[in-house]
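Below is one structure; the comments refer to it alone.
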Amino acid sequence: QVQVVESGGGLVQAGGSLRLSCATSRSIFSLNTMGWYRQAPGKQRELVAAITSGGSTNYADSVKGRFTISTDNAKNTVYLQMNSLKPEDTAVYYCRVTTLREYWGQGTQVTVSS
């Protein structure tokens, strides 16, 4: 079992920045992939960014150049730095980590006002 807890969401104006954190109960090195997903009202959950334990990253086209995913191995934490935020980035953001199974956090709300 892996515990996953997100934090760092909030309300920000367009053009602003937020950093989301995802604390896990397992060492980053024991995980296969770590990712951030988001779900806006009335829309399907979508991948925002993902990183493997080897450091390979993948981003949704809509966030490339604005968002950065990273890890702090000493803290067993995955971050999502979000810059140049847009109202369309408003959503609940979820952290997902995988071993042989997948584990999700409870989500954190990000609201970007215009």
Side-chain angles (χ1 to χ4, degrees):
Q1 191 76 10
V2 181
Q3 307 302 317
V4 180
V5 180
E6 303 101 334
S7 62
L11 173 64
V12 64
Q13 288 188 330
S17 298
L18 281 175
R19 188 177 78 160
L20 305 183
S21 300
C22 171
T24 72
S25 60
R26 283 255 201 108
S27 166
I28 296 292
F29 297 112
S30 71
L31 303 174
N32 291 334
T33 62
M34 296 138 280
W36 287 95
Y37 292 71
R38 67 187 180 188
Q39 188 166 20
K43 294 188 176 181
Q44 289 189 329
R45 192 172 297 188
E46 62 175 359
L47 173 68
V48 176
I51 187 168
T52 68
S53 56
S56 297
T57 58
N58 181 39
Y59 295 91
D61 288 342
S62 60
V63 307
K64 283 181 181 177
R66 300 188 297 123
F67 291 11
T68 303
I69 189 170
S70 63
T71 62
D72 184 329
N73 299 334
K75 295 182 178 180
N76 296 340
T77 299
V78 184
Y79 299 103
L80 184 68
Q81 178 67 44
M82 305 185 294
N83 299 326
S84 302
L85 282 160
K86 304 175 181 180
E88 51 263 43
D89 295 318
T90 295
V92 178
Y93 284 70
Y94 297 90
C95 180
R96 172 183 179 261
V97 303
T98 67
T99 57
L100 295 179
R101 297 175 54 186
E102 62 176 10
Y103 301 89
W104 291 86
Q106 79 289 351
T108 185
Q109 176 71 46
V110 172
T111 303
V112 184
S113 64
S114 57

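- Residues Val12 and Tyr79 are members of separate hydrophobic clusters, defined by side-chain heavy-atom contacts under 4.5 angstrom among Ile, Leu, Val, Met, Phe, Trp and Tyr.
- For residues 4-113, every residue pair satisfying the disulfide bond (SG atoms under 2.5 Å apart) rule, not counting sequence neighbours, is listed here: Cys22-Cys95.
- Cluster membership check: Ile51 shares its hydrophobic cluster with Tyr103, using side-chain heavy-atom separations under 4.5 Å among Ile, Leu, Val, Met, Phe, Trp and Tyr.
- A 4.5 Å side-chain heavy-atom check between Gln106 and Glu6 finds at least one atom pair inside the cut-off.
- Of the candidates Leu85, Leu20, Leu18, Asn83, Leu85 is the only one forming a side-chain contact (heavy atoms from CB on, under 4.5 Å) with Phe67.
- Looking at every heavy atom in both residues, Ser114 comes nearest to Ala14 through CA-CB, 4.4 Å.
- Shown here are the ring pair (Phe, Tyr, Trp, His ring centres under 6.0 Å) partners of Tyr37, two or more places apart in sequence or in another chain: Trp104.
- Side-chain atoms of Thr108 never come within 3.5 Å of backbone atoms of Ser7 as a donor-acceptor pair (strictly under, hydrogens ignored).
- Summarising the geometry, atom CZ belonging to Arg96 is positioned 5.5 Å from atom OG1 belonging to Thr33; distances are rounded to the nearest 0.5 Å.
- Taking Thr57 as the reference, nothing meets the side-chain hydrogen bond (donor to acceptor under 3.5 Å, both in side chains) condition, with sequence neighbours excluded.
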| task | Decide side-chain contact (heavy atoms from CB on, under 4.5 Å) for Thr99 and Arg26; before the verdict, give the C-alpha distance in whole Å, the side-chain angles of both, and the deciding distance to 0.1 Å. | result | CA-CA 10 Å; Thr99 57; Arg26 283 255 201 108; 3.5 Å; yes
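- Annotation: side chain of Val4 is not in contact with side chain of Tyr94 (no heavy-atom distance under 4.5 Å).
- Of all heavy-atom pairs spanning Asp72 and Ile28, the tightest one is O-CG1, 4.3 Å.
- Side-chain atoms of Thr52 come within 3.5 Å of backbone atoms of Gly55 as a donor-acceptor pair (strictly under, hydrogens ignored).
- Looking at residues two or more places apart in sequence or on another chain, you find a side chain to side chain contact (heavy atoms under 4.5 Å, CB included) between Ala91 and Arg38, Ala40, Tyr93.
- A salt bridge links Asp61 with Lys64: at least one charged nitrogen is closer than 4.0 Å to a carboxylate oxygen.
- Residues meeting the side chain to side chain contact (heavy atoms under 4.5 Å, CB included) test with Ser25, sequence neighbours left out: Val2, Gln3.
- Residues Met34 and Thr24 form no side-chain contact, since every pair of their non-hydrogen atoms from C-beta on lies 4.5 Å or further apart.
- You'll find the side chain of Thr90 reaches within 4.5 Å of the side chain of Gln109, heavy atoms only.
- Counting all heavy atoms, side chain and backbone alike, Trp36 lies closest to Ser21 at CH2-O, 3.5 Å.
- Taking CG of Leu31 as the start and OG1 of Thr71 as the end, the distance is 10.0 Å to the nearest 0.5 Å.
- The structure places OG of Ser27 at 15.0 Å from NZ of Lys75, a figure rounded to the nearest 0.5 Å.
- No donor-acceptor pair under 3.5 Å is formed between the side chain of Asn58 and the backbone N or O of Ala49.
- Using a 4.5 Å heavy-atom threshold, the side chains of Tyr59 and Ile69 count as touching.
- In this structure Ser113 satisfies the side-chain hydrogen bond (donor to acceptor under 3.5 Å, both in side chains) test with no other residue, sequence neighbours excluded.
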